[in-house]
Amino acid sequence: MFYELSQLAVGNLLRARARLIMTSGGVLVGTSAVILLLALTFGLQRAAEASIGSSTALTDMQVFADGPVFGPNGQVSDEDDERPKLDLETISAFYQIPGVALVIPTVMLQGQGPLMVDELQGYASIMGIDPALIPYLGIEAEVGGLALERGQALAGAFTGDYFNDSEASGENFEPIAVNLYEQPPSLEIYPTSGEGGNNREIDLNITGVLLEGTSFDYTILMHIQDVIALNEWSTGNRFDPDTFVYDQVTVRASGRETAADVAQAIRDLGFNVGDMGEYLKQLNGYFNAMRLILGGVGGVALLVAAFGVANTMTMAILERTKEIGLMKAIGATDRDVLTVFLIEAGLVGFFGGVAGIATSLFLQNVINRAVANMPQDGGGGVAFLPINPAQLGGNLIVIPPELMLFAVLLATGVGVGAGLYPALRAANLTPVIALKQE
């Protein structure tokens with residue numbers, strides 16, 4: 001029965017093709033507005049996440065221990081012994097947390113001085129790391145390799161970009177780029193024990209320069225045992241594995257889905273965690289709010305289209321009153337009449353929604369091509385927009401499949417909702433009165 005009623009509804013619509021096209025056109029405009037405005041937020045969100053960096057930036061978290069507690073006399077308080085520390089036992093505990101893929105403990109060089117290349121000097125963080133972890137860091141060498149044996153070092157991408165002439169005055173400062181792979185620097189180290197003594201100078205054997213885009217862009221990596229030995233000299237404290245603590249630990253979650261749970265588990269152990277989780281939460285909240293606002297703007301266009309559908313269906317009832325009376329006279333129930341008109345209204349919305357998707361996909365292609373081909377300034381961005389096409393990947397407008405499905409269902413629902421009142425009027429017509437209508 002429903003099939004026959006659907007055939008009747010389609011036939012009724014095809015009798016007034018011009019009206020169907022114009023009414024569906026209103027739904028097309030509203031659907032396109034909803035799709036494109038929401039698709040814009042998806043594209044901007046993707047660009048914002050791309051600006052964060054590599055995928056590891058979303059799963060890596062920096063773990064810090066609270067600083068020491070000092071008593072009234074300036075000495076470390078006994079309370080400090082009860083605070084959690086980044087020791088070997090803690091590293092083992094981190095590995096037991098569900099969702100942890102990798103734990104990267106590091107030691108920072110104490111008493112670090114400038115890097116020297118002939119008369120040029122520069123600065124970079126010196127970090128000691130276990131060379132066995134290098135393959136898991138997600139880094140690649142732009143020059144040289146990733147070897148990190150005792151006496152070797154790896155330079156971050158930008159560690160050689162900001163050297164200056166040590167004899168030049170501050171007014172004449174100009175950064176000078178140095179190729180640290182071809183011109184290995186020497187490193188000056190100061191004693192920090194307070195007992196004085198001469199500074200120490202060591203030559204760094206740079207075996208590779210890393211590709212940019214990692215957290216080590218401004219860092220020089222050394223073998224962790226080398227850094228521990230230099231810290232012994234600088235501080236005057238002998239290395240004791242029972243009391244040794246790391247300066248910083250990076251914990252990598254197995255995925256973005258587990259990162260928040262891992263961070264909370266580490267906080268429950270008493271440590272401070274610096275991760276992208278809170279930032280991503282705020283970012284997602286911002287774009288969700290933007291979708292509600294822009295979706296509401298597009299919804300206004302759909303609301304206008306709904307009035308058009310309601311008007312069309314009302315006019316159809318007035319024109320077909322006698323036909324409705326005839327249907328009821330030969331046995332059609334109120335439910336049958338209601339179904340026919342609701343199907344007609346739903347089809348108007350459906351056709352408009354499908355046409356809106358096709359229009360949106362066409363405009364998506366046009367807009368994305370236009371943005372990708374826009375003239376760019378020297379910094380790689382678009383001259384008159386706060387957008388870098390490289391971050392967008394040529395996709396300012398992103399229409400996911402679920403958005404297209406949502407748009408069709410929404411347009412169909414709007415059509416059915418707009419046609420409900422006219423359909424009820426048609427269903428409630430008395431056959432005798434309807435047949436008397438001219």
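For reference, positions follow the sequence shown, starting with 1. Remember, predicted model here, so these are calculated numbers, not experimental data.
Ring to ring, Phe271 and Phe94 are close: their centroids are under 6.0 angstrom apart.
Remark: the backbone N or O of Glu149 is paired with a side-chain donor or acceptor of Gln152 at under 3.5 angstrom. For Asn231 (side chain) and Gln110 (main-chain N/O), a donor-acceptor pair under 3.5 Å exists by modelled atom type. Without hydrogens or angle criteria, Asp130 side chain to Ile224 main chain gives no donor-acceptor distance under 3.5 Å. Panel note: side chain Ser32, backbone Gly356; a donor-acceptor pair is recorded below 3.5 Å.
A cation-pi contact, defined as under 6.0 Å to the ring centre and within 45° of the axis, links Arg291 to Phe42.
For Tyr421, the OH atom sits in a loose shell: 12 or fewer heavy atoms of surrounding residues, nucleotides or ligands are nearer than 6.0 Å. Heavy-atom contacts from other residues, nucleotides or ligands closer than 6.0 Å to CZ of Arg19 number more than 12. Within 6.0 Å of the CD atom in Glu212, the count of heavy atoms belonging to other residues, nucleotides or ligands does not exceed 12.
Each of Val414, Leu409, Val408 was checked for a side-chain contact (heavy atoms from CB on, under 4.5 Å) with Thr412, and the lone residue meeting it is Val408. Under the side-chain contact (heavy atoms from CB on, under 4.5 Å) rule, Leu115 has a single partner from Ile220, Val178, Leu120, which is Ile220. When each of Leu221, Ile129, Val107, Asp247 is tested with Val227 by the rule side-chain contact (heavy atoms from CB on, under 4.5 Å), just one qualifies, namely Val107.
Between Phe158 and Tyr218, the two ring planes are tilted [angle within 30° to 60°].
With respect to Arg15 and Glu344, no salt bridge is recorded, no charged nitrogen being found less than 4.0 Å from a carboxylate O.
Between the side chains of Thr339 and Asp336, no donor-acceptor pair of N or O atoms lies under 3.5 Å. Checked by atom type, the side-chain pair Thr106/Gln248 shows no donor-acceptor distance below 3.5 Å.
In this structure, the separation between CG on Leu102 and OG1 on Thr250 is 9.0 Å, given to the nearest 0.5 Å.
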